[in-house]
Structure formats: structure tokens, C-alpha cells
Asks: 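Below you'll find the structure I mean.
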2 protein chains.
Amino acid sequence: MSCENFFREQLKLRGLRLTVQRKLVLEALHDQANPVSAEDVFTLIQSIEPSLDRSTVYRTLDLLKEIGLVQEIHSNDRQNYFELCGTRLPHVHMVCQKCGGIFTVDQNVFDSVQIILQKSLGFEAQWTQMTIPGICQGCHTP
Amino acid sequence: MSCENFFREQLKLRGLRLTVQRKLVLEALHDQANPVSAEDVFTLIQSIEPSLDRSTVYRTLDLLKEIGLVQEIHSNDRQNYFELCGTRLPHVHMVCQKCGGIFTVDQNVFDSVQIILQKSLGFEAQWTQMTIPGICQGCHTP
DNA sequence: GTGAGTGCAAAGCATTTGCACCTTT
DNA sequence: AAAGGTGCAAATGCTTTGCACTCAC
């Protein structure tokens, strides 16, 4: 797992340590196809290491974010989601407001809008860090 | 104030009532140039009507959202923001991840992307219900 | 051995809810 | 009079924090 080596390296760089808990969080994220909430990560690890605490999950997600291994996705439901980055090309998430289904599109779909925002406002949009709400095909015609 | 008439009309349509509190919330929003948090609304009204409760603010904002007079903006700080939108065309919000500044663009900027998502995935995106994270001009070159 | 990291419990904070009383219609 | 609306207080849910103990280095 190249992620883990990179993580270890970055930790050493900062005088931090690679613990069992940190490995578990990284692994849990690595196994997911879709973004997961902190609670999801917590639950996933529960079965392997029941003693792990929620606060450790939060602290580790924060750390991973800082290092740049993890992206936080701001959703419109209360909680935020996390995703290991680097495994795929940058992509944008959509969430169906009815069924909760998650869909993705390639970031380049937004290239034209990106340029408009850039030129008109000087705003550099970060598409990969958000979730587009909407209604999916299945829920649209029930 | 045409907002209030529209509000009154929509309330009647649903068998709901126009109360002093609801008028105050609408008024408070009407006076703001920029989006405000629920707490802001609460504070603004405090000086006029100190007995008004936070929960009433939340309930009223919810109601106004449902009616379509108010748009909710999901920011990156903890709290969300609200904005009266009956007076303008539907618009999309952007939040600077550094300074927290809120910017807006007209919804039609997204027309082309809307069609792409629609045709390729059958996904009907709801642009006005999301917030685009990014870096604003001011924070980009400090 | 030393300081970073953890679990635990408690605190924060924005928001929501249950309920008895009040007010609009 | 009836039903919707409000204030109050308590609860909720996600997240953060303080602290003493533990463990990676």
C-alpha cells in the first residue's frame, strides 16, 4: 500500500508517529468506493478494534487532511464526508435528495463554469470538495 | 413590501397564519444585503422584540425556505446562512474557504453543466441548494 | 525514557423537539 | 371556539477538548 508509506514518511517529517489506530483509519478509507462520514469510519473500524474512540477518528481524519491524503467533502446534510484522494482522477459527487444515492462525474465537466467563475469573479472553485444535491434518474420518475 | 404580501398569500394557501414573529423574521432578512445566520436574525430581532425565541427563528426560516422566499447557504463554518431570494433571480452561492466570504452568481451560469448531467446521468441538479467552496480573489493573491 | 497519541468523559454549538399556553382566524 | 404558533427547556447530533494513562520511537 503506497498510501501507508507516504503517510509514514509524512508523519516522520513532522515528528509524529504511526499508530495502530492511524493505520486502521487509513485502511478503512482505502477500502471505500464512496465518501464516508466520520461516523462511518468509526463503525467500520469498530468490528476490528472495538476500543477505538470516535475522537481518535476525528483527530486522524484531521491529520490526514492536513497531510493531503484525505479530502473533506461538504455535504448539505449535517455531517461531512471524507475520501482518500490520489486513487482516482479528481471527480465531483452528486447526492440524490430522495434516495441518498451518490453519483460521480469527472471534474472536467465543470471546466467551462470554472473559467466563467474565474474570469468574472476571480473565484477558484474547488469542485471536488462539495456535493451537488439533486434528484437522480430513478427517483425522478417513480 | 411585496415579499410580505407574497408570504401572506402563501401562508393562507397552506392554512397558516401571519404572526408578528414571522413578520419580524421576514423584515430582518429583508434589511440585509448579505446572507445572515439564524443567530444573526435572532440578534437583529432581539432589540425590537426581546421575547422572541431562537426556535421560532429556526421554524420561520424553515417555513420561508419551504415557501421559496429564502435560500439556505451551507457554509464551511459550523452554522448555515439564509438569504431572501424572492426579489432576485435564483442564484448560486460560493464560499471562500479562507476568509469565509460569500459570493453569488446567476444560476444560468450552470445551464450547460445542467444539460450534461441531465443527459449523461439523468441527474437533475439543484444548484440553488448548494454552496461551492473555493478561494476568492482576495485570498488567492495575498 | 520521553513526548506524542489514545480513550474516556464532558463540554460545545447549532439546531430540533415536546409540551402547555397563547393568539390568529 | 378551534387550530395553528410560540416560548421555554430539554434533547439531539456532530464535533471538540482536557486530562491522565499508554505506547511508539
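Each chain gets a letter, A, B and so on, in the order the sequences are listed, and its residues count up from 1.
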Asks: Look at B:Lys23 together with B:Glu27 and state whether they make a salt bridge at an N to O cut-off of under 4.0 Å.
Replies: no
Asks: How bent is the helix from C:dG1-D:dC25 to C:dT25-D:dA1, comparing axes over its five end pairs at each side, to the nearest 10°?
Replies: 30°
Asks: List in chain and number order the residues that pass salt bridge (charged side-chain N to carboxylate O under 4.0 Å, His left out) with B:Lys65, two or more places apart in sequence or in another chain; answer none if no residue qualifies.
Replies: B:Asp62, B:Glu72
Asks: Going by the rule side-chain contact (heavy atoms from CB on, under 4.5 Å), which residues pair with B:Arg14 if we only count those two or more places apart in sequence or in a different chain?
Replies: B:Gln10, B:Leu16, B:Ile67
Asks: Under 4.5 Å between side-chain heavy atoms, chaining through other members, with only Ile, Leu, Val, Met, Phe, Trp and Tyr counted: pull out the rest of the cluster around B:Ile73, sorted by chain and number.
Replies: B:Tyr81, B:Val95, B:Ile102
Asks: Give me the first and last nucleotide of DNA chain D, going 5' to 3', that has any atom under 4.0 Å from a heavy atom of chain B.
Replies: D:dA3 to D:dT15
Asks: Closest approach of B:Met130 and A:Pro133, non-hydrogen atoms and distance?
Replies: CB-CD, 3.4 Å
Asks: Mind listing the closest non-hydrogen atom pair of B:His74 and B:Gln129 along with its distance?
Replies: CD2-O, 3.7 Å
Asks: If a protein heavy atom is under 4.0 Å from the base, mark B; if only from the sugar-phosphate, S; if neither, -; do that for nucleotides 19-25 of chain C going 5' to 3'.
Replies: ----BBS
Asks: In chain order, what residues pass the side-chain hydrogen bond (donor to acceptor under 3.5 Å, both in side chains) check against A:Thr56, with sequence neighbours excluded?
Replies: none
Asks: Round to the nearest Å and state the distance from A:Arg14 atom CZ to C:dG3 atom C1'.
Replies: 18 Å
Asks: Taking B:Tyr58 as the starting point, is it possible to reach B:Ile45 by hopping between hydrophobic residues whose side chains are less than 4.5 Å apart?
Replies: no
Asks: Can you sort out the partners of B:Arg17 under salt bridge (charged side-chain N to carboxylate O under 4.0 Å, His left out), two or more places apart, ordered by chain and number?
Replies: none
Asks: Map B:Arg78 and B:Leu63 onto DNA chain D by nearest heavy atom, then report which one ends up closer to the 5' terminus.
Replies: B:Leu63
Asks: Strictly below 4.0 Å, heavy-atom distances to any atom of DNA chain C: list the hits from residues 38-58 of chain B, or just say none.
Replies: B:Ala38, B:Ser55, B:Tyr58
Asks: Side chains of residues 112-125 of chain A: which donor-acceptor pairs under 3.5 Å do they make with residues two or more places apart or in other chains?
Replies:
from: A:Gln114; atom 1: OE1; to: A:Trp127; atom 2: NE1; distance (Å): 2.4
from: A:Gln114; atom 1: NE2; to: A:Glu124; atom 2: OE2; distance (Å): 3.1
from: A:Gln118; atom 1: NE2; to: A:Glu124; atom 2: OE1; distance (Å): 2.6
from: A:Gln118; atom 1: NE2; to: A:Glu124; atom 2: OE2; distance (Å): 3.3
from: A:Ser120; atom 1: OG; to: A:Ile116; atom 2: O; distance (Å): 2.7

Asks: Between P on C:dT6 and CG on A:Leu11, what's the gap in Å once rounded to a whole number?
Replies: 10 Å
Asks: Between C:dA14 atom P and B:Leu61 atom CG, what is the distance in whole Å?
Replies: 15 Å
Asks: In whole angstrom, what separates B:Asp62's CG from C:dT15's P?
Replies: 11 Å
Asks: Who pairs with B:Asn108 by side-chain contact (heavy atoms from CB on, under 4.5 Å), at least two apart in sequence or on another chain?
Replies: B:Asp106, B:Asp111
Asks: Holding to salt bridge (charged side-chain N to carboxylate O under 4.0 Å, His left out), I want the full list of residues that pass it with A:Glu66, two or more places apart in sequence or in another chain.
Replies: none
Asks: Grab the two heavy atoms, one from B:Leu52 and one from B:Phe42, that are nearest each other, plus how far apart they are.
Replies: O-CE1, 3.3 Å
